[in-house]
Structure formats: C-alpha cells, structure tokens
Amino acid sequence: MTGLPTLDDLDQRILGSLLEKQVTVPAGYPLTLNALRGACNQSSSRDPVTDYDDPTLEERIRELKGRGLVRVIWAGKGSRTLKHHELLSEVLGLAPDERALVTVLLLRGPQAAGELRTRTERLHPFADRTEVEECLARLSRRPEPLVAQLERRPGQHDPRWTHLLGPAPTAVATPPSSPGDDAIRGSGRGTAGPAQAAVDLEVVLRDGREARDARVLAAYDDVAEDYARELSDELSHKPFDRWLLARIGGEADGGPVLDVGCGPGHVTAALAAAGAQAHGLDLSPRMVELARDAHPDLTFDVGDLRRVLRPPAADGWAAVVAWYSLVHLAPSELPDALGGLARTLRPGGLLALATHVGVEVRHHDEWWGHPVDLDFALHDPGRVLAAVQAAGLRVEERYVRGPLADVEVGTDRLYVLARRT
C-alpha cells in the first residue's frame, strides 16, 4: 500500500475499536462480530455514538480486508466463529504512544493535548501533556503526516489536533429532552450546540488529577465558613430543588441515602426532613466539621465521591444524590465517576444529580475574598446522559431550568433521576 489509507466514518470506527480493544481487553481479542458491534456502538468513549448493525459491519469488514487493513481469522480449530484483527498499526508503523493517540483521534475526533492525555490512560501512560505534544509533533513531521494541529477557535484554551486519515467524525450535543418532556424550562436558554463543542473542557486536568484535587480541597477548606454562611439557606429560594429533593427523600422509604459533595449539609438535611436516613460526604474536612455542627443529628464523613462504598448495614444506597458535585470534573471523568456511584446503589436504587449546563470552563482566582485556583466545568447534557446510561442506569426523569434572577449564577441547570434496574 502506498500513501496513507483514506478512511470514512465507518472505517474509522471499526479500526479505532479494534485498536482500542487489542490493548484494553487482550484476553478477548481478536474480536468476534458481536464484540466488534458492541465496541463500535458503545455509549462511552465514542463521538458520536452510533448504532451500526451486523450486515453493515460485515460488508465494510470485507472491504477493509481487501485493502489490507483487517485480517479475518477462525477462532480456533474446528470453530466456525470468525474473529477480526486490525492491521492499520502495522501499515502505519505506529509506536505504542503514537498508536494510543491515533486510536483516540479515530474514535473521538479532534481533541486538545490535555483531552488526549486523559483519554489515552488505558492505552499508553503519558507522563504529562508535554509528552503528548511531543508525540503529536512527531506524528505531524512524518514524510506523510498522520496528524495536524487545527486553528484555535474563540473560547478554546488549547489548540486541537486531528488525524489525517480521512474526515474526522463530528460530535453533536444531544438535547436532554424535548420541550414537552420538561416539567420546567426556566428562562428558555438553549443547551450547547455543535459550534460550542470544540471548547476544551479537559483543561481542568491541565496538570493532572492529583493536582486538580489538591486545588479543590484547598479552596473549599479555605472558603468553608463563607460558603456555609452564603449558601446554607439557598434552598429556601429554590422551590423546584426543594420539591425534587423532597421526592427523592420520600421515595427512599426510610432507606439510606448518600449526599455526595454535601458541603455544609443543607441538602443532606432536606433529604432527612423528607424521611430518608440521610448521610453526607464531602472532600473538605472543614466543610464536614461545619455540617456536623449545623446538623448534629445527621452523619457526615470526609470522602471522595469517586470512591464511595455501600452502606455497612444494607445491600446498597436507596439513593445517591450528587447536587452540583460534578462541577470540577472533566467530561472524560464522568463515566467512571457515575459508574462508581451506580455500583453502590441497591437494586431499584436512584441516582439523582444536578449540574450546570453548557460547554464552558470558568476559572476563579478569588472566591468570597479568598485567593483560589479553581476551575468550574459546565457539562454538556448529552454527555451527562450518556455517562448515566453507560453506568447501567435507566433515565426516568430529566429537567432543565433557567437560573433564578438575583439568586443563582446565570447558567441553566440539568436534573436527572436514573434508576438501577
């Protein structure tokens, strides 16, 4: 084969999926047609999410085989099952780090170096973003370049990179619901559309997860007293939140409910007032101290919402509530974070979350008079819903409302109720 192969969207999805699974699930590789269909259509780590059927994949595999990009083999002696192995990495002569970047670019389209570092963690351990940028530069300097840097658009923190193996797939944000499905629509502000999807929300991980977590912890410990003073009474001004939290607490039927990212404990207290055995969890020790002082009859613990355990005296939480507690996570972290919370629910348990809607990162250097270094991520509703569904939960209700004038930050809010089946 001379020159770079030209791959359309379906070629990219098939070859990207094979490249990914060869590294992440080597025991199950090469892939059967059924496994390949699942890999192509999975709802996480793919932009856009697709629904290819077997005949479509079989026809394209034959074409890729004829082009020397896929090998079809028998599963074993006497077996009639066919398995599929990619040859693209051999054709392109990719080193492991190069292979990881090409894989993620094929599966998710143009991305910034920070996004690529986060999304290649299971494929290749890049030490930092500089290593990613060096590898991208190497791929761009080949006699036949494999990647190219795109022009930075307004609102982007970092330039994005794209592969040169064909047109990159375009991710389109899925609105959370039609207007008729929403109980309320607030001010009527729209959700983020395709033009906004280029913003690099992974910038919150610009120096890695540990550094981000340390900044978040330091900021909340510093502002805890001011935060409690300003926001402990916020639910009195938010009738929709009060109504929804009362429903969640009541539907728990006296079972244990966990409020993750509880802050000074006002949401935990609202759940308890509705009849739930409410417990609070927060990363900030100072926030937990204030919550215990304000609500001595409730239980509060220091902990990370990404490392939640089941309650000690039950088979799972009746509900887990994440009320604006995802604001410091990058989009790439949502599937793992929500998947971890879902696994702690009892059968029939409810995950309830609220988050700010948008495609934007807002940086704070100062918060209530305290110097901080804190990024707030506004999440695309389509990505949030995809992460919830990828966690194995059934979305039962979803709402979007606009901000309350003179009460809240001027962003729309997404609320999701999803049940473990």
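Bear in mind the structure is a predicted one, so any value in this text is a computation, not a measurement.
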Asker: My understanding is that only residues two or more places apart in sequence, or in another chain, count here; which of them pass salt bridge (Lys or Arg N to Asp or Glu O under 4.0 Å) with Arg247?
Answerer: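 Glu251, Glu397.
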
Asker: Quick one: which residue pairs count as a ring pair (Phe, Tyr, Trp, His ring centres under 6.0 Å) with a foot in residues 14-53, not counting sequence neighbours?
Answerer: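 Applying ring pair (Phe, Tyr, Trp, His ring centres under 6.0 Å) to every pair that reaches into residues 14-53, excluding sequence neighbours, yields Tyr29-His85.
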
Asker: Applying ring pair (Phe, Tyr, Trp, His ring centres under 6.0 Å), name anything that partners Trp317, two or more places apart in sequence or on another chain.
Answerer: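 Partners of Trp317 under the ring pair (Phe, Tyr, Trp, His ring centres under 6.0 Å) test: His279.
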
Asker: When rounded to the nearest 0.5 angstrom, what is the spacing between CG in Asp259 and CG in Asp282?
Answerer: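 Answer for the CG-CG pair, Asp259 versus Asp282, is 8.5 Å.
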
Asker: Pair His356, Tyr324 - check ring pair (Phe, Tyr, Trp, His ring centres under 6.0 Å), show working.
Answerer: CA-CA 7 Å; His356 298 277; Tyr324 302 104; 5.0 Å; yes

Asker: Name all pairs fulfilling the ring pair (Phe, Tyr, Trp, His ring centres under 6.0 Å) condition that reach into residues 108-136, sequence neighbours left out, sorted by first residue then second.
Answerer: His124-Phe126

Asker: With sequence neighbours excluded, what pairs up with Ala352 under the side-chain contact (heavy atoms from CB on, under 4.5 Å) test?
Answerer: Ile248, Val321, Trp323, Leu417

Asker: Considering all heavy atoms of both residues, which atom of Pro110 and which atom of Arg160 are nearest to each other, and what is their separation?
Answerer: CB-NH1, 3.5 Å

Asker: Would you please name every residue forming a side-chain contact (heavy atoms from CB on, under 4.5 Å) with Arg343, sequence neighbours left out?
Answerer: none

Asker: When Glu202 is tested against each of Arg119, Arg108, Arg117 for salt bridge (Lys or Arg N to Asp or Glu O under 4.0 Å), which residue passes?
Answerer: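 By the salt bridge (Lys or Arg N to Asp or Glu O under 4.0 Å) criterion, Glu202 pairs with just one of Arg119, Arg108, Arg117: Arg119.
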
Asker: Show every ring pair (Phe, Tyr, Trp, His ring centres under 6.0 Å) that has at least one partner inside residues 87-123, sequence neighbours left out.
Answerer: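 Listed by first then second residue: nothing to list.
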
Asker: In Å and rounded to the nearest 0.5 Å, what is the CZ to CG distance from Arg142 to Leu92?
Answerer: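 CG of Leu92 is found 6.5 Å from CZ of Arg142.
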
Asker: Specify whether Phe376 and His364 have parallel, tilted or perpendicular ring planes, treating 30° as the upper limit for parallel and 60° as the lower limit for perpendicular.
Answerer: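 The rings of Phe376 and His364 sit tilted, inter-plane angle from 30° to 60°.
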
Asker: Between Arg401 and Tyr415, is the side-chain hydrogen bond (donor to acceptor under 3.5 Å, both in side chains) condition met? List the steps.
Answerer: CA-CA 9 Å; Arg401 73 165 176 83; Tyr415 300 82; 2.8 Å; yes

Asker: Take a 6.0 Å sphere around CD of Glu210 and say whether it holds more than 12 heavy atoms from other residues, nucleotides or ligands.
Answerer: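 For Glu210, atom CD is not crowded (no more than 12 foreign heavy atoms under 6.0 Å).
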
Asker: Ignoring hydrogens and geometry beyond distance, is a side-chain donor-acceptor pair present between Ser332 and Glu115 at under 3.5 Å?
Answerer: no

Asker: Among residues at least two apart in sequence or on other chains, which ones pass side-chain hydrogen bond (donor to acceptor under 3.5 Å, both in side chains) with Arg60?
Answerer: Asp8, Asp11, Glu63

Asker: By side-chain contact (heavy atoms from CB on, under 4.5 Å), which residues pair with Thr32, not counting sequence neighbours?
Answerer: Asn34, Ala35, Thr81, Lys83

Asker: His237 and Glu408: side-chain hydrogen bond (donor to acceptor under 3.5 Å, both in side chains), yes or no, with the steps?
Answerer: CA-CA 9 Å; His237 308 293; Glu408 301 174 312; over 6 Å; no

Asker: Could you check whether Arg13 and Thr50, counting side-chain N and O atoms only, form a donor-acceptor pair closer than 3.5 Å?
Answerer: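 On atom types as modelled, these side chains qualify, holding a pair under 3.5 Å.
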
Asker: Checking side-chain polar atoms at under 3.5 Å, does Thr411 have a donor or acceptor matched by the opposite partner on Arg413?
Answerer: yes

Asker: Can His370 and Asp222 be counted as having a side-chain donor-acceptor contact under 3.5 angstrom?
Answerer: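 Checked: His370/Asp222 side chains show no N/O donor-acceptor pair below 3.5 Å.
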
Asker: Using side-chain contact (heavy atoms from CB on, under 4.5 Å) as the criterion, list what pairs up with Gln42, not counting sequence neighbours.
Answerer: Glu20, Lys21, Ser44, Ser45, Arg46

Asker: Could I get the full list of salt bridge (Lys or Arg N to Asp or Glu O under 4.0 Å) partners for Glu121, not counting sequence neighbours?
Answerer: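 Residues passing salt bridge (Lys or Arg N to Asp or Glu O under 4.0 Å) with Glu121: Arg209.
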
Asker: What are the two closest non-hydrogen atoms of Val372 and Glu366, and how far apart are they?
Answerer: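 Minimum heavy-atom separation between Val372 and Glu366: CG2-N, 3.8 Å.
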
Asker: Is the distance from the ring center of His328 to that of Tyr220 below 6.0 Å?
Answerer: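 Yes: the rings meet the under 6.0 Å criterion.
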
Asker: Do Ser89 and Glu86 have side-chain N/O donor and acceptor atoms under 3.5 Å apart?
Answerer: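 Yes, side-chain donor-acceptor contact under 3.5 Å.
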
Asker: Sorted by first residue and then second, give each ring pair (Phe, Tyr, Trp, His ring centres under 6.0 Å) pair with at least one member in residues 246-268; sequence neighbours left out.
Answerer: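 For residues 246-268, and leaving out neighbouring residues, there are no ring pair (Phe, Tyr, Trp, His ring centres under 6.0 Å) pairs at all.
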
